[in-house]
Novice: 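Here's a structure for you.
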Amino acid sequence: MLRLGLLSDPYSASRLIAALSFSPSPSRDLHYAHQLFDQIPHPNLFTWNALIRAFASSSDLGLSRRVFDGIPVRDVVSWNSMIAASTQAGRPEEALELFRRMEVEDVKPNDKEDIIADQVTFVSVLSVCSQLGTIDLGRLIHASIHKHGITLNCHLATSLIDMYAKCGNLEKAVEVFRSVDQRDVFLWSAMMAGLAMHGHGEAAIELFLEMQEAKVKPNEVTFMNMLCACSHSGLVDKGRKVEHYGCMVDILGRAGRLDEALDLIENQMPMPPRASVWGALLGACAVHGNVKLGEKAFEHLVALEPGNDGAYVLMSNLYAKSDYWDGVAKLRKRMREMGMKKEKGCSSIEVDGVVYDFLVGDISHPSYRKIYLKLNEIASRLRSSGYVPNRSQLLQNVEDDDAKEQALYLHSEKLAIAFGLISTIRVMKNLRVCEDCHSFAKVVSSVYKREVVLRDRYRFHRFRGGECSCMDYW
DNA sequence: ATAGGGTTAG
């Protein structure tokens, strides 16, 4: 193309950039794409926009942003590309900021439509809502879609279902799902994932059968979601019918059948176990407190993935649960030597459309005094109704028993719940909820006769009258 | 003719 001088043709140039950025990794050369770009004599919006996407797929958000900022007049595709790039890079706040700017800044009219934000914009922003758990914004966008008379295509409907499910409104997700008549594999899979997340494993399996009747071919994600549904609902035999070793280890392990899980890995797998398989076993050992097997899984796992910080945290928690503090100290030393840090626990709660974040022992909230006061009051009321803090869930070595109890009360989930008790209760946790916080929430729901909805990294917990929707199985 | 979107265990 260079020899023929085709770079001066914007059509060819844009296509070349796209081709270079979507090629499989060996022939993918973004550095070269960038160099080429500087040589394009007449770049147009198509070339700029292709480049945003190209850098985003190489996960270099900074470069995408530099291209975006340099565009003299941006159209809706430029904005959508940049918003999608931020969303996919796990930077939902940046995406949201762009969306808000988009509404007030000039957007060059597009050939096709002349509305400011279109379906593609909404798809990305709904994905932001899923990530942040901001159901109010999600509802606003849903309303806006209605208002503009936009029909739901599969992309948009999938995003809506995912948003409602991840924001805790499963009924609404089902409603959207049922309102679509041409359903593709993404739509079906997203609905199954939503059901699984809320503990409706059987319903997810029924949906899978319905999907087959509709002659839609499942893909690997569909199976993944199915197995997740089986795993979270304890459906061991149904899960066994789908062949996937990592998930099967998880299903067996979660159900406490650790020996069977190990036997599967060591004697039945036709291929060498990959990291995720050992990860599933380690996770199961952590749940069931099996240190010896946990150590074995851990060593296999870090041999395959030395930088896996999650493995260290799981193993350390397993030691701590078993009161083996020397093990914890050794692991921490190993982590320090490798320059690794544990992800900080953070819970956020949405009250009247505003998201509040809490870290452990957080005092940055304007009314933090009120929150701790409320927490004290909760502690005494819970104690008199029979709740005993589960000190095994304190994963640092605090000698004094009273101090241990104090430290448990500083967990971010509890702070968010206490704040919620002075407002509406909808809690998001970025990591898995700990057993003590889980029983805490149960007692809160019965003593205060309030519903608590807690979304952790993997699923939803809906506490009502002292019971949780997960039936203590997660 | 060239650019933008959705589902995913531990």
Novice: B:dA3, B:dG5, B:dT7: which one has an atom nearest the side-chain heavy atoms of A:Gln88?
Specialist: B:dG5
Novice: Nearest to the side chain of A:Asp250, heavy atoms from C-beta on, is which of B:dT8, B:dA9, B:dG5?
Specialist: B:dA9
Novice: Given B:dT2, B:dT7, B:dG5, identify the nucleotide with an atom nearest to the side chain of A:Asn44.
Specialist: B:dT2
Novice: Please report the C-alpha distance between A:Asp118 and A:Thr121 in whole Å, then the side-chain angles of each, then the deciding distance to 0.1 Å, and finally whether the side-chain hydrogen bond (donor to acceptor under 3.5 Å, both in side chains) criterion is met.
Specialist: CA-CA 5 Å; A:Asp118 65 5; A:Thr121 324; 3.0 Å; yes
Novice: Would you please say whether a donor-acceptor pair under 3.5 Å links the side chains of A:Ser189 and A:Asn225?
Specialist: no
Novice: Just how far, in rounded Å, is C1' of B:dG6 from CZ of A:Phe177?
Specialist: 14 Å
Novice: Among B:dA9, B:dA3, B:dT7, which nucleotide sits nearest the side chain of A:Asn219?
Specialist: B:dT7
Novice: State which of B:dT8, B:dA1, B:dA3 makes the closest approach to the side chain of A:Val221.
Specialist: B:dT8
Novice: B:dT8, B:dT7, B:dA3: which one has an atom nearest the side-chain heavy atoms of A:Asn49?
Specialist: B:dA3
Novice: Under 4.0 Å between a side-chain nitrogen and a carboxylate oxygen: does that hold for A:Arg100 and A:Glu97?
Specialist: no
Novice: What is the separation between atom CD1 on A:Ile17 and atom P on B:dA1, rounded to the nearest whole Å?
Specialist: 20 Å
Novice: Nearest of B:dT7, B:dA3, B:dG6 to any side-chain atom of A:Cys154?
Specialist: B:dG6
Novice: Could you check how far CG of A:Leu160 sits from C1' of B:dT7, rounded to whole Å?
Specialist: 14 Å
Novice: So, under a plain 3.5 Å distance rule, would you say the side chain of A:Asp184 forms a donor-acceptor pair with the base of B:dG6?
Specialist: yes
Novice: Please confirm whether the shortest side-chain N or O distance from A:Arg15 to OP1 or OP2 of B:dA3 is below 4.0 Å.
Specialist: yes
Novice: Which nucleotide in the set B:dA3, B:dG5, B:dT7 lies at the smallest distance from any side-chain heavy atom of A:Ala84?
Specialist: B:dG5
Novice: Hey, does the side chain of A:Lys166 come within less than 4.0 Å of B:dT8's phosphate (OP1/OP2), counting only N and O?
Specialist: yes
Novice: To the side chain of A:Arg53, which of B:dA9, B:dT2, B:dG5 is closest?
Specialist: B:dG5
Novice: Applying a 4.0 Å non-hydrogen cut-off, can you work out what A:Thr158 is touching in the nucleic acid: base, sugar-phosphate, or nothing?
Specialist: base
Novice: To the nearest angstrom, how far is A:Leu187 atom CG from B:dT8 atom P?
Specialist: 13 Å
Novice: Suppose the criterion is salt bridge (Lys or Arg N to Asp or Glu O under 4.0 Å): which pairs have a residue in residues 145-161 of chain A, not counting sequence neighbours?
Specialist: none
Novice: Does B:dA3 have A:Phe46 stacked on its base, where the ring centres are within less than 5.5 Å and the planes differ by under 30°?
Specialist: no
Novice: What is the separation between atom CD1 on A:Ile71 and atom P on B:dA3, rounded to the nearest whole Å?
Specialist: 15 Å
Novice: Take the protein atom CG of A:Leu16 and the nucleotide atom P of B:dT2, then report the distance between them rounded to whole Å.
Specialist: 14 Å
Novice: Rounded off to whole Å, could you give me the CZ-to-P distance for the A:Arg183 and B:dT7 pair?
Specialist: 19 Å
Novice: Please tell me which of the listed nucleotides, B:dG6, B:dT2, B:dT8, lies nearest to the side chain of A:Tyr11?
Specialist: B:dT2
Novice: For B:dA9, take OP1 and OP2 only and decide whether either is under 4.0 Å from a side-chain N or O of A:Arg457.
Specialist: no
Novice: Could you give all pairs that pass the ring-ring contact (aromatic ring centres under 6.0 Å, His included) test and reach residues 73-106 of chain A, with sequence neighbours left out?
Specialist: A:Phe68-A:Trp79
Novice: Write down the distance between CG (A:Leu126) and P (B:dG5), rounded to a whole number of angstrom.
Specialist: 15 Å
Novice: Is A:Arg139 salt-bridged to A:Asp136, cutoff N-O under 4.0 Å?
Specialist: yes
